[in-house]
Amino acid sequence: MRVYNTMTKQKEEFKPLREDEVRMYICGPTVYDYTHLGHARTYIAFDVIRRYLEHKGYSVLMVMNFTDIDDKIIRRANETGEDPKELAEKFLKYFLEDMKALKVKSADIYPRVTEHIQDIIEFVEKLEEKGYAYGSSDGVYFEVRKYEKYGKLSKVNLEDLRKGARVEPGEGKKNPEDFALWKKAKPGEPKWESPWGEGRPGWHIECSTMSTKYLGESFDIHGGGNDLIFPHHENEIAQTEACTGKEWVKYWLHTGFVMVSGEKMSKSLGNFVTIRELLQRYSPEVIRFFVLQKHYRSPLDYTEEGIQHAKNNLERLYNTIENIRIAMEKAEIPFKWEKEEFKLYETIRDAKKKLYEAMDDDFNTAEAMKPIFEVANAVNAYLTRVEKPKESVLRKALEFFRIISEIFGIFEEYFKETKETKEEELIDLLIEVRSALRKQKNFELADKIRAQLRELGIQLEDTPQGTIWKRINV
RNA sequence: GCCGGGAUAGCCUAGAGGCGAGGCGGCGGACUGCAGAUCCGCUUUACGGGGGUUCAAAUCCCCCUCCCGGCUCCA
């Protein structure tokens, strides 16, 4: 398996530090607003990466932090007149709801800044002891020039940084590139006791502290959106490696942005679509499928048309799975295989190989789409061509889609244990009644039954072999 | 200015030296009371422009055009 490492700017063989275990830390959101598609893209991408690693047999320990106190939260709270703590609490809850709706598996640990203040203080103290931090009138800063490897992730160099002069020269900073480890509280701001007076942690220190607390001084994957590379992750590296003297993270993974008419979707630009809004119009699986049709590192254009494409694609796959399920009921015991069975079997076998090759190559979900459709085409063609399908090949096709379901987090409905047998019996009964009506050419009433069932999410389809029904999930 | 990422058939998305890429949409046909699903065929000499290397270039090298991102809060 190969993964692209932002640190080395190339794909590398993936070998976790401990055999069979992957420890990953994903930068979570600052909870001051609704989750939008940009966030969802990142978290769905890492969800699939995590699912795939688990599918490959790794034990995955996944940590995602919440920034539940910071300047933006305070500012937003001031604007709305809410208490910063309550504001953060509210959006944190919404975030978790959104992730659940999108079928993103939960992290194992969700550490919050406000619950790790003591750990952060201890971390800053260590940096002070080692001479990387200095106190000033408005807080404690990290002295960037003392860490000679600064810039190794984002490839910025200090000279350019200073020349650019876009780094804010804060009040108490010695150098413009230094960044805050601890900020002293201004009147009315949330605050915690510390050796440097009452205040709050700087933004970057939380990830260093909480990741090393839960995953150790070195771990495998650190991920987040592309926009975190500089300065966030660069600063995290400086702090952590200055403190421990060890290589902190083995693989740095970053997701591409979601774009809206040529611009990055972001809270500050205000051009974002919230997940809540999107879920009103599209199912979670359509959103996942839309995101996964593009490689996680590439920019993803958000357009209505694009999501509609994803919906059409997904519908086709749903239909295929339903077709298999229905065919299974009349499938034959495979006393012998003909050419058609071998052909389908081989297509599935090759598709499985292609699927793993695509995913092994830096989690290329876009490439992985191809074998999925190859199987869909092949199995549909098989079902139209063959009068008596063989149970065993259909099972292989179904198993293929079950693997996709597990890795991509889609087709959930089809692979659940269903307990709605009563409902199914009732549908069968209605189909029977409708068939009788159709024989009597009472199409008006027959169509009414079909239309009303459709409203309930049950689609009837008349085929030469009789009427079949499907659930509509989109 | 500095550092990155791009331009692939009507549209969306992969690929990265040699086997007509996958999907969507559109059109035609099969099936059908209608609808839906599915199948078959077509849309198909695809790779921003110009040079070069090579038996062979979307792919490697050089130049150019255009788009986007980061360098400041961001997933």
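Sequence lines set the chain letters: A, B, ... in the order given, protein chains first and strands last, and positions in each chain run from 1.
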**Asked** Looking at the angle O4'-C1'-N9-C4 for a purine or O4'-C1'-N1-C2 for a pyrimidine, is A58(B) syn or anti, with syn meaning within 90° of 0?
**Response** syn
**Rounded distance in Å - NZ (K294(A)) to C1' (A75(B))** = 17 Å
**Message:** If the threshold is 4.0 Å, N to carboxylate O, is there a salt bridge linking E322(A) and R471(A)?
**Reply:** no
**Complete:** From CE of M259(A) across to P of U13(B) the rounded distance in Å is 12 Å
**Prompt:** Could you give the CD1-to-P distance, from I372(A) to C12(B), as a whole number of Å?
**Reply:** 21 Å
**Prompt:** Starting at the 5' end of RNA chain B, which residue's closest nucleotide do you reach first, H36(A) or Y296(A)?
**Reply:** Y296(A)
**Message:** Without decimals, in angstroms, what is the distance between L300(A) CG and C68(B) C1'?
**Reply:** 14 Å
**Item:** First encountered from the 5' end of RNA chain B, between H309(A) and D227(A)
**Value:** H309(A)
**Request:** Please confirm whether Y43(A) and F46(A) have ring centers closer than 6.0 angstrom.
**Result:** no
**Candidate nucleotides U72(B), G69(B), A75(B), ranked by approach to the side chain of P231(A) - the nearest** = U72(B)
**Item:** nucleotides 33-41 of chain B: protein proximity per nucleotide (B base, S sugar-phosphate only, - neither; heavy atom, under 4.0 Å)
**Value:** BBBBSSSS-
**Prompt:** To the nearest angstrom, how far is Y302(A) atom OH from C12(B) atom C1'?
**Reply:** 16 Å
**Message:** Nearest whole Å is fine: how far is C24(B) P from E374(A) CD?
**Reply:** 13 Å
**Request:** Look at K343(A) together with E338(A) and state whether they make a salt bridge at an N to O cut-off of under 4.0 Å.
**Result:** no
**Request:** Let me know the distance between CD of E177(A) and C1' of C71(B), rounded to the nearest Å.
**Result:** 14 Å
**Complete:** For F290(A), the ring pair (Phe, Tyr, Trp, His ring centres under 6.0 Å) test, sequence neighbours excluded, returns none
